[in-house]
Number of protein chains: 2
Amino acid sequence: MPTPDTQTEHPALADVELTDVLAALSDPIRLEIVRQLAEDGGERTCGSFGLPIAKSTATHHFRVLRQAGVVTSREEGTRKYNALRRDELEARFPGLLGSVLGNLENP
Amino acid sequence: MPTPDTQTEHPALADVELTDVLAALSDPIRLEIVRQLAEDGGERTCGSFGLPIAKSTATHHFRVLRQAGVVTSREEGTRKYNALRRDELEARFPGLLGSVLGNLENP
DNA sequence: TCCTTCGTTCGTCGACCATCGTACGAGCGG
DNA sequence: CCGCTCGTACGATGGTCGACGAACGAAGGA
């Protein structure tokens, strides 16, 4: 096989629709994941978000974010590191992620 | 009755959550409605959007937009005029609507 | 080697969503 | 007055969504 590891299907941003991103961001849990990822700027493992949901549900939410092009996942050993696709998202939908993140702190 | 007409329940923007707006905008039909409303800046009747859906489905989508605080509806005679709550939305979620609208033209 | 941790997969469940057709009421126009 | 247009209300339906628990495999640590 050409690439033996880290096979987790990431769409090209060109194939991602605006509505897909909006739908992905329209859930509080996923928005919280994105917020934390944006906050520390780097990679985070799935279990490190303190999410109030079951593991299998978390798997679901990370998959939605990944398929919407919002997040990348990289496997390393037994855990999976996730990161925001910030620059790519910015290139595809200028200003969008920034304005969503900027409005997260609002009451 | 104090206000005899035009009773169609509009939420205060302060009561609207970011996720509500994102969810409302995450549907292609509703996004198209918002796009057309933004384009002409004024009021539009429900039937004037050329939507490829049944009338009853359109009623549903306008209700979702209204309940998410995105749109106002004003009854006049037998028809209903809809308008974007642009300034209010801008005050509540600065930059959000603009960045969504700005990314609508993208392929 | 054994046990724990991490995340996935699978099946299930209830809730919600987009859609439709039908029937309806309120105006407007001839 | 009669018909047309506009939008709503009311099911009904098929599909998707968020959530869960249980079972699993792959590392990694003791």
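What's counted below: heavy atoms across the whole structure, side chains too, no hydrogens, waters or symmetry copies. Letters A, B, ... mirror the listed sequences (proteins, then strands); counts begin at 1. Remember, predicted model here, so these are calculated numbers, not experimental data.
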Using a cut-off of under 3.5 Å, enumerate the N/O to N/O pairs linking the protein to nucleotides 25-30 of chain C.
none

Find the distance Phe62(B):CZ to dT19(C):P and express it as a whole number of Å.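 My rounded result for the distance is 13 Å.
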
For residues 43-59 of chain B, which residues have at least one heavy atom under 4.0 Å from DNA chain C?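 Those residues whose heavy atoms fall under 4.0 Å from DNA chain C, taken from residues 43-59 of chain B in numerical order, are Ile53(B), Ala54(B), Ser56(B), Thr57(B).
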
ring-ring contact (aromatic ring centres under 6.0 Å, His included): which pairs involve residues 72-107 of chain A, sequence neighbours left out?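 Of all non-adjacent pairs touching residues 72-107 of chain A, none passes ring-ring contact (aromatic ring centres under 6.0 Å, His included).
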
May I have all residue pairs that pass ring-ring contact (aromatic ring centres under 6.0 Å, His included) and include part of residues 34-53 of chain A, sequence neighbours excluded?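 Sorted pair list: Phe49(A)-Phe62(A).
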
Quick one: list whatever passes side chain to side chain contact (heavy atoms under 4.5 Å, CB included) with [X], sequence neighbours left out.
X: Arg92(B); value: Asn106(A), Leu13(B)
X: Ala23(B); value: Ser26(A)
X: Thr19(B); value: Pro28(A), Leu31(A), Glu17(B)

Of the nucleotides dA18(C), dC6(C), dA19(D), which one has an atom closest to the side chain of His61(A)?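 Of dA18(C), dC6(C), dA19(D), dA19(D) is nearest to the side chain of His61(A).
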
Nearest to the side chain of Arg30(B), which nucleotide is it out of dT8(C), dA18(C), dG7(D)?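 Per side-chain heavy atoms of Arg30(B), the pick is dA18(C).
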
For Glu32(A), give me all partners under salt bridge (charged side-chain N to carboxylate O under 4.0 Å, His left out), at least two apart in sequence or on another chain.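 Salt bridge (charged side-chain N to carboxylate O under 4.0 Å, His left out) list for Glu32(A), sorted by chain: Arg35(A).
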
Scan residues 58-68 of chain B for pairs that pass side chain to side chain donor-acceptor pair (under 3.5 Å), counting only residues two or more places apart or in two chains.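 Residue pairs with at least one partner in residues 58-68 of chain B: Arg30(B)-His61(B), Arg66(B)-Ser73(B).
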
